Structures are given as structure tokens and as C-alpha cells.
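Please read the structure below before turning to the comments.
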Amino acid sequence: MARLVLFNKPFDVLSQFTDLRSPTPRATLSDFIEVPGVYPAGRLDRDSEGLLLLTDDGRLQSRIADPKFKTAKTYLAQVEGEPDEAAIAALCKGVVLNDGPTLQAKARRIDPPELWPRTPPVRFRKSVPDCWLELTIYEGRNRQVRRMTAAVGHPTLRLVRWRIGDWSLEGLAPGEWREVAV
């Protein structure tokens, strides 16, 4: 029976269990998860937060992480500025990045979500407004959501992955995890 762990990865934590090559130790998954034999199904950047799935089943790991399966990944992104309808439409249509065009996505403006405070907090500038977007993508390129929002003129300030496929971050505080049935 495959094991599947849902983990709310805090900001500034690496999506790996060791950090042997760093001259200054950084927080890793081993600081939070003591389940033997599980490995991340995909990655979440050090400066991003939210849902990370870990499993001990290679086929499940592939189904979750491999772009050919087009598993939906939903993010909550706090962006600089206030994207207009054209920017939202461009995100939905797919934008051209330096490594080629993205697949179509779902994007919409949302009210600020009720999230935990981030440490350190996101920079605040009185002269530059910000807003929140919900984006669902079906691939998973390196820093894709950040690059997409920047491409339409609205850099990401905070990024939280909320959902992967049918699994959600609901009920998990930063640093918490739970095992679920597959």
C-alpha cells in the first residue's frame, strides 16, 4: 500500500531532506517529517510555501509530478499591482516564457485569503498596490507561476500552493503534515 504525506512547507524550507553542500545549514524536510522512505513528488521553491506531496510509490510520484499527466496545481499568488482583464486573459491563454509558451491556465482575481503570517513578511509599499490571484496550471516548470505573473507585468510577492489534483492544504498549518489514504 502506497504512503502519501501532505505537508505544508513553510517559507525558506528546501524541498529535500538534506543540505550537505551548503556552508550554512538551511531548513529541510527532515526538520519536519519523520516518515521513512517517502520522497517529494515534485518541488516547491525555497521562497514558496504550501502543499508538498511526499510518497514512497514511484508510479504515484510520477503521476503527480510528470508534466505528461497534466495534474492540476492551484496557487494563491500575491502580486504587485492590480492586473487588468487583459493580464488575466493572457495568463489563461498561456504566456511565452524564455523556455517556450506555457499551457493554458485558469486565473482569476480573488479576495485576500486568510493565511498564516509569513516570516519574514512580504514587503509593503504604500505607493504600489497589490492583489491576490488564484492560478491553476497543468505543467510545473521551474518557478513557472512567478515567471508567468512577471511576464504580464505583475511580479509575485508571495506564492502559496494550495492544491495538487484532489489534495488540498486545508487544515494544515505551516510545518504540519498528515498521511492520507491513496
Side-chain angles (χ1 to χ4, degrees), residues 2 4-16 29 38-113 115 118 122 129-170 172 174 180 182:
L4 183 64
V5 172
L6 282 61
F7 174 57
N8 187 348
K9 187 191 90 57
F11 179 82
D12 205 27
V13 173
L14 298 174
S15 294
Q16 58 198 45
L29 299 178
V38 297
Y39 298 94
R43 300 186 60 80
L44 195 54
D45 297 322
R46 183 176 171 192
D47 57 351
S48 298
E49 310 163 68
L51 186 60
L52 185 65
L53 300 178
L54 299 96
T55 182
D56 62 353
D57 183 289
R59 285 194 306 217
L60 178 58
Q61 186 176 24
S62 177
R63 195 179 88 222
I64 294 166
D66 193 319
K68 74 179 178 186
F69 293 105
K70 294 183 176 52
T71 302
K73 297 165 192 76
T74 300
Y75 295 83
L76 306 179
Q78 183 181 17
V79 299
E80 191 173 273
E82 296 179 354
D84 58 16
E85 289 303 316
I88 300 290
L91 290 169
C92 291
K93 181 181 175 193
V95 296
V96 177
L97 303 176
N98 61 358
D99 55 352
T102 65
L103 296 176
Q104 291 183 350
K106 293 180 184 174
R108 65 185 183 105
R109 201 166 161 174
I110 60 171
D111 291 331
L115 296 173
R118 193 186 88 173
V122 172
D130 61 61
C131 77
W132 283 87
L133 301 176
E134 180 184 83
L135 287 107
T136 301
I137 62 172
Y138 300 91
E139 44 194 335
R141 299 183 202 180
N142 185 38
R143 301 182 70 79
Q144 181 176 341
V145 170
R146 291 178 186 278
R147 294 189 299 143
M148 289 175 71
T149 62
V152 298
H154 299 280
T156 296
L157 302 172
R158 184 176 182 189
L159 187 62
V160 178
R161 183 161 56 198
W162 190 260
R163 178 177 296 282
I164 300 172
D166 294 332
W167 301 289
S168 163
L169 195 59
E170 192 72 40
L172 284 177
V180 296
V182 181

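This structure is a prediction, so every number in the text was calculated from the model and none was measured.
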Open item on the list: Looking at Tyr39, I'd like to know if its OH atom is crowded, meaning that more than 12 non-hydrogen atoms belonging to other residues, nucleotides or ligands lie closer than 6.0 Å.
Closed with: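 It does not: Tyr39 OH has 12 such atoms or fewer within range.
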Side-chain touch [X]/[Y], heavy atoms, less than 4.5 angstrom:
X      : Y      : answer
Leu53  : Leu6   : yes
Trp162 : Leu115 : yes
Arg146 : Asp47  : yes
Ile137 : Met148 : yes
Val152 : Pro83  : no
Thr74  : Glu134 : yes
Lys70  : Leu103 : yes
Leu4   : Ile64  : yes

Distance check, rounded to the nearest 0.5 Å: [X] atom [atom1] versus [Y] atom [atom2]?
X      : Y      : atom1 : atom2 : result
Arg141 : Asp99  : CZ    : CG    : 4.5 Å
Leu169 : Leu76  : CG    : CG    : 8.5 Å
Glu80  : Asp130 : CD    : CG    : 8.5 Å
Tyr138 : Lys73  : OH    : NZ    : 10.5 Å
Leu60  : Leu54  : CG    : CG    : 11.0 Å
Lys9   : Leu51  : NZ    : CG    : 11.5 Å

Restricting to non-hydrogen atoms, name the atom on [X] and the atom on [Y] that form the minimum distance, rounded to 0.1 Å.
X      : Y      : value
Ala107 : Ile88  : O-CG2, 3.5 Å
Gly42  : Leu52  : O-CD1, 3.9 Å
Ser15  : Arg43  : O-NH1, 3.6 Å
Trp132 : Pro113 : CD2-CD, 3.4 Å
Pro155 : Thr149 : C-OG1, 4.0 Å
Pro10  : Pro174 : CG-C, 4.1 Å

TODO: Report the residues that fulfil salt bridge (Lys or Arg N to Asp or Glu O under 4.0 Å) with Asp12, sequence neighbours left out, ordered by chain and then residue number.
DONE: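 Asp12 satisfies salt bridge (Lys or Arg N to Asp or Glu O under 4.0 Å) with Arg46 once adjacent residues are dropped.
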Task: Set of salt bridge (Lys or Arg N to Asp or Glu O under 4.0 Å) partners for Asp45, sequence neighbours left out - done: Arg143
Donor-acceptor under 3.5 Å ([X] side chain, [Y] main chain):
X      : Y     : result
Arg161 : Gly50 : no
Thr55  : Gln61 : no
Thr71  : Arg63 : yes

TODO: Identify, with sequence neighbours excluded, every residue that meets ring-ring contact (aromatic ring centres under 6.0 Å, His included) alongside Phe7.
DONE: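 Scan of Phe7 (ring-ring contact (aromatic ring centres under 6.0 Å, His included), adjacent residues dropped) gives Phe32.
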Task: Donor-acceptor side-chain pairing of Thr102 and Arg147 below 3.5 angstrom - done: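 Absent: no donor and acceptor within the cut-off.
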